[in-house]
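Some notes on the structure that comes next.
Note on naming: letters A, B, ... go to the chains in the order of the sequence lines (proteins, then strands), and numbering restarts at 1 for each one.
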There are 2 protein chains.
Amino acid sequence: MQQSRPETRIQQKNRAAILEAALDVFSAQGFRGATVDQIAAAAGLSKPNLLYYFPSKEAIHAELLGGLLDTWLDPLRTMDPDGEPLEEILAYVRRKLEMSRDYPRESRLFANEIVQGAPRIADELSGALKNLVDEKVRVINAWADAGRIARVDAYHLIFSIWSLTQHYADFDVQVHAVLGGPEVDPYPAANEYLQQLFTRLLTP
Amino acid sequence: MQQSRPETRIQQKNRAAILEAALDVFSAQGFRGATVDQIAAAAGLSKPNLLYYFPSKEAIHAELLGGLLDTWLDPLRTMDPDGEPLEEILAYVRRKLEMSRDYPRESRLFANEIVQGAPRIADELSGALKNLVDEKVRVINAWADAGRIARVDAYHLIFSIWSLTQHYADFDVQVHAVLGGPEVDPYPAANEYLQQLFTRLLTP
DNA sequence: GTCTATAGACGGATAGAC
DNA sequence: GTCTATCCGTCTATAGAC
């Protein structure tokens with residue numbers, strides 16, 4: 001029986017349910033648009049009970065955003081300088097698109113934050129994010145120096161991978177409106193199109 | 001002296017100032033995040049005075065969004081079926097990128113709306129927007145049939161143009177964080193990169 | 001047309017019983 | 001740990017004087 005940290009199973013379960021519900025609500029409504037009542041209801045709790053687990057609405061949001069950037073950048077981190085250049089980049093595109101498909105709420109939570117000026121993660125963007133991108137830009141430029149891929153602006157190459165893949169999560173409703181209904185799955189065609197696009201762009 | 005519509009110059013000027021201020025605030029904070037006080041202050045008016053010109057916060061937002069989609073789609077509408085295919089598409093990309101550079105607030109207003117499920121413009125997306133895209137998809141496919149550009153999925157081609165160009169307005173802070181400061185102008189390099197990208201993708 | 005004052009609703013957070 | 005009740009700040013919108 002640990003006294004210092006009485007972390008019961010029910011506590012863990014409720015915390016998890018709150019974060020899950022909060023991801024739903026924040027990603028769909030933004031921070032200001034979301035209400036604690038909505039999150040509590042979605043988590044199956046009363047509002048005061050939710051605030052027993054988290055000190056404030058802000059704290060829930062911060063916890064969600066906190067871990068997000070790291071997992072979001074994992075596919076980029078995985079890009080191997082010693083691999084076959086075109087294959088590494090195409091694999092990155094594929095993984096990033098899979099993340100949009102499998103974790104659209106996380107993508108929209110992030111998008112909401114950035115579009116509104118990233119008030120809560122500006123530091124991480126110019127810190128961890130910039131450092132990782134700078135490192136991978138050097139890798140890509142080295143590949144181009146060696147003549148193994150065509151030379152392109154590596155920063156904008158990375159921007160383009162982000163925007164193209166995240167578009168399918170962030171602008172989901174627009175994609176489905178244009179393609180004609182929620183039953184259409186845009187991802188197979190999107191994947192094929194993007195593989196084709198980057199193959200043609202980068203083949204020397 | 002017109003009695004039916006006493007549209008004085010000061011009225012026109014105030015209405016314009018309100019819409020201008022509202023674009024600032026809505027695009028930066030989203031609909032829920034914006035307050036009437038902020039908009040009024042930015043327009044140099046008191047809150048009740050603002051509400052003398054517009055019946056509600058919602059009405060201001062609706063008026064801004066209302067005209068937006070049309071002007072936003074103008075560059076696509078301009079794409080000429082009888083022009084030189086690659087040149088038409090590259091020109092569309094160029095104009096769309098210029099719109100991100102010159103009207104970033106409009107882009108972010110739109111992005112805020114779509115990311116949060118487009119509650120106020122869902123109809124226009126599956127109506128006017130879809131119709132125009134369907135039409136241009138037929139044009140692009142005809143170009144591919146004639147062997148004048150490489151065959152790609154035309155819907156995803158259009159999606160990619162949207163996402164790549166709007167990224168520089170919507171994710172502005174992230175772009176500047178990565179490139180290392182607000183004084184960097186990403187647009188010249190972005191334009192060159194995008195022209196290169198679509199040229200390589202579409203050249204038969 | 002523009003202001004001060006305020007109504008009325010909502011949302012975040014807390015008190016305190018159980 | 002969970003609830004009911006409630007406080008208090010904020011926000012939209014209106015009333016009414018000037």
C:dT4 phosphate, OP1 or OP2, under 4.0 Å from B:Asn49 side-chain N/O
no

So, does B:Tyr52 get its side chain near the phosphate of D:dT14, meaning an N or O under 4.0 Å from OP1 or OP2?
no

What's B:Tyr53 touching, base or sugar-phosphate or nothing? Going by heavy atoms closer than 4.0 Å.
sugar-phosphate

By the 4.0 Å heavy-atom rule, please label B:Leu45 as base, sugar-phosphate, or nothing.
nothing

Where does the angle between the aromatic ring planes of B:His167 and B:Phe171 fall among parallel (under 30°), tilted (30 to 60°) and perpendicular (over 60°)?
parallel

Check whether any side-chain N or O of A:His176 sits under 3.5 Å from a backbone N or O of A:Val184 as a donor-acceptor pair, and report yes or no.
yes

Nearest-Å distance, CZ (B:Arg32) to P (D:dC11)?
11 Å

Whole angstroms only, please: what is the CG-C1' distance between A:Asp37 and C:dT14?
15 Å

Grab the CG-C1' distance between A:Leu50 and D:dT4 for me, whole Å please.
17 Å

C:dC10 C1' sits how many Å from B:Lys57 NZ, rounded?
12 Å

C:dT2 P sits how many Å from B:Gln11 CD, rounded?
9 Å

What is the distance from NZ of B:Lys47 to C1' of C:dT6, rounded to the nearest Å?
10 Å

Hey, does the Lys NZ or Arg CZ of A:Arg15 hover above the aromatic six-ring of A:Phe54, less than 6.0 Å from the centre and inside 45° of the axis?
yes

Can you spot which of B:Lys130, B:Lys136, B:Arg138 makes a salt bridge (Lys or Arg N to Asp or Glu O under 4.0 Å) with B:Asp134?
B:Lys130

Would you say a side-chain N or O of B:Ser46 is under 4.0 Å from OP1 or OP2 of C:dG1?
no

Separation of A:Phe26 atom CZ from C:dG11 atom P, in whole Å?
14 Å

Closest approach to the side chain of B:Asn14, judged atom by atom: which nucleotide of C:dT2, C:dG12, D:dT2 is it?
C:dT2

Taking the six-membered ring of B:Tyr168, is NZ or CZ of B:Arg101 closer than 6.0 Å to its centre and within 45° of its axis?
no

Between A:Ser56 and C:dG12, does any side-chain N or O lie under 4.0 Å from OP1 or OP2?
no

Base, sugar-phosphate or nothing for A:Ala34? Non-hydrogen atoms, less than 4.0 Å.
sugar-phosphate

To the nearest Å, how far apart are B:Leu51 CG and D:dC11 P?
14 Å

D:dT12, D:dA15, C:dG1: which one has an atom nearest the side-chain heavy atoms of B:Thr35?
D:dT12

